Every structure is written in C-alpha cells, then in structure tokens.
Amino acid sequence: MNCFELHKDIDHVLITEEELDEANTRLAALIDQAQQGRDGQLVLLGVLKGSLVFLADLIRKLRTPIELDFVKASSYGASTVSTGQLKISLDYDRKEAENVDIIIIEDIIDSGNTLPKLVKHLKEKGFRSVRTCTLLDKPTRRMVDFQADYVGIVVPDEFVVGYGLDYDEKYRELPYIGVLKEEVYK
Ligand code: PRP
C-alpha cells in the first residue's frame with residue numbers, strides 16, 4: 001500500500017490544504033500579536049504525535065523567535081474515547097521556568113480530557129504562562145469544560161484523519177483533513 005491508496009478510505013475531504021494554510025496563517029498572526037512587547041522565551045510544545053504536521057507548518061509562519069519541544073501525553077482508555085487518567089510518557093523540563101511562556105500545540109481537542117490536565121501539570125512547574133493552541137476543536141464531544149486559547153477550525157462530530165491525525169496509526173501523512181469511511185473503523 002502506498003500513501004495514495006489511503007485516499008480510498010476517505011469518505012470526503014472536510015478541510016482542504018488551502019483551508020489548513022489559512023488557519024495556520026491566522027493562528028501564527030494571533031500568537032505573534034500576543035507576544036509583542038514580551039521579553040523572555042516562547043516555547044512551542046507539541047503533543048506527540050498528532051500535532052507534528054500542524055506544528056511544522058505553524059512555526060514557519062511565525063515571526064516570533066521560539067524554542068521547539070515536545071511532550072507525549074495521552075489519556076488512558078479505549079482507542080477512540082479517552083478517559084480520565086493522564087499518562088505522560090515524555091515530559092518537559094527546563095532549568096529556567098521564569099520568563100518562559102509555553103504554548104501547548106495540539107492537533108485536536110475532543111473530550112477535553114487530555115489538555116487541561118497537561119496545562120495543570122506544566123503550570124505546576126512554574127512557567128510564566130501556559131496557553132493552548134489547537135488546530136481542530138470538536139466541542140460537541142466535550143466531557144470537560146475547556147476552551148483553548150487559540151483554535152484553528154471547529155469541526156463536527158465526525159471521524160477525522162489526516163494532516164497528523166490517525167486512526168490506528170494510519171492516515172497521518174494525508175495532506176488534508178478527511179472524514180474516514182465508517183466501514184473502516186466499524
Ligand atoms: C489525540 C490528540 C489529543 C487527544 C485529544 O491524541 O492528539 O492529544 O487525543 O483527545 P481528548 O480531548 O479526548 O483528550 P492521541 O492520544 O490519539 O495520540 P496521537 O496524538 O499520538 O495520535
């Protein structure tokens with residue numbers, strides 16, 4: 001199977017490459033604007049693995065100098081619905097926490113179980129600020145009241161893959177966000 005054969009599992013394209021590019025441009029401008037006049041260091045912290053493609057495109061649109069790092073965190077539980085417990089398998093630490101602004105970069109917020117716990121965990125390390133930026137937001141699935149500081153595109157409750165997002169570790173390399181055919185995961 002090659003990458004092009006993955007397209008046959010996609011019911012329809014939900015967000016095109018052009019729309020993703022527009023969302024990235026808008027988010028980068030918002031982040032740049034918020035950092036204006038602030039001293040210290042901005043760290044963009046990607047949550048592996050889903051955020052990787054988004055993060056790679058986003059940082060190339062920023063004017064603010066950044067440091068780039070990663071965490072790996074997920075909620076325990078079933079494959080398509082996350083549950084309560086946060087598991088951090090790659091943590092982020094930095095000698096100097098003062099004067100450091102963190103923006104956690106996510107591909108999607110679904111139930112909202114993962115991100116608020118990660119924010120709390122990082123705040124406890126003493127960083128000056130911890131904000132969140134997500135490419136996609138699926139508010140209809142929310143189990144926890146949480147709103148990201150920066151949101152790219154609000155999506156309906158459909159099974160989305162591509163542009164970093166996977167199903168069973170597949171489809172991350174698709175250049176668009178597509179809706180997976182039901183027969184693939186049911
Ligand atoms: C996805 C996504 C978020 C989380 C969102 O990660 O990247 O981290 O789920 O879901 P929630 O709002 O319901 O907590 P996943 O655990 O699938 O790992 P991945 O990034 O490696 O695909």
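As the structure lists them, so they are numbered: ligands from 1, and atoms in each ligand from 1. Worth saying up front: this structure is predicted, and the values here are computed from it rather than measured.
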Problem set entry | Phe127: partners by ring pair (Phe, Tyr, Trp, His ring centres under 6.0 Å), with sequence neighbours left out | Tyr92
For this session: Determine, using the 4.5 Å side-chain heavy-atom cutoff (strictly less than), whether Val160 and Leu135 are members of one ILVMFWY cluster.
Result: yes
Exercise. Can you find a pair of side-chain heavy atoms, one from Leu58 and one from Ile105, that are under 4.5 Å apart?
Worked result: yes
For this session: State plainly whether one hydrophobic cluster holds both Ile109 and Ile88, where clusters connect Ile, Leu, Val, Met, Phe, Trp and Tyr through side-chain heavy atoms under 4.5 angstrom apart.
Result: yes
Exercise. Backbone or side chain, does any N or O of Ile108 fall under 3.5 Å from an N or O of ligand 1?
Worked result: no
Problem set entry | Side chain, backbone, both or neither: the part of Asp166 lying under 4.0 Å from ligand 1 by heavy atom | side chain
Problem set entry | Per-atom contacts of ligand 1 with Leu48, taking only distances under 4.0 Å to non-hydrogen atoms | 20 (O), 21 (O)
For this session: Please indicate whether any nitrogen or oxygen in Ser74 is less than 3.5 Å from any nitrogen or oxygen in ligand 1.
Result: no
Problem set entry | Partner residues of Glu19 under the side chain to side chain donor-acceptor pair (under 3.5 Å) criterion, sequence neighbours left out | Thr16
Exercise. If you measure every N/O of Glu169 against every N/O of ligand 1, is any gap under 3.5 Å?
Worked result: no
Problem set entry | Arg141 near ligand 1 by a heavy-atom separation under 4.0 Å | no
Problem set entry | Aromatic ring pairing Tyr167/Tyr185, orientation class (parallel under 30°, perpendicular over 60°, tilted between) | perpendicular
Exercise. Any idea which atoms of ligand 1 are less than 4.0 Å away from a heavy-atom of Gly112?
Worked result: 11 (P), 12 (O), 13 (O)
Exercise. Would you say ligand 1 has an N or O under 3.5 Å from any N or O of Gly50?
Worked result: yes
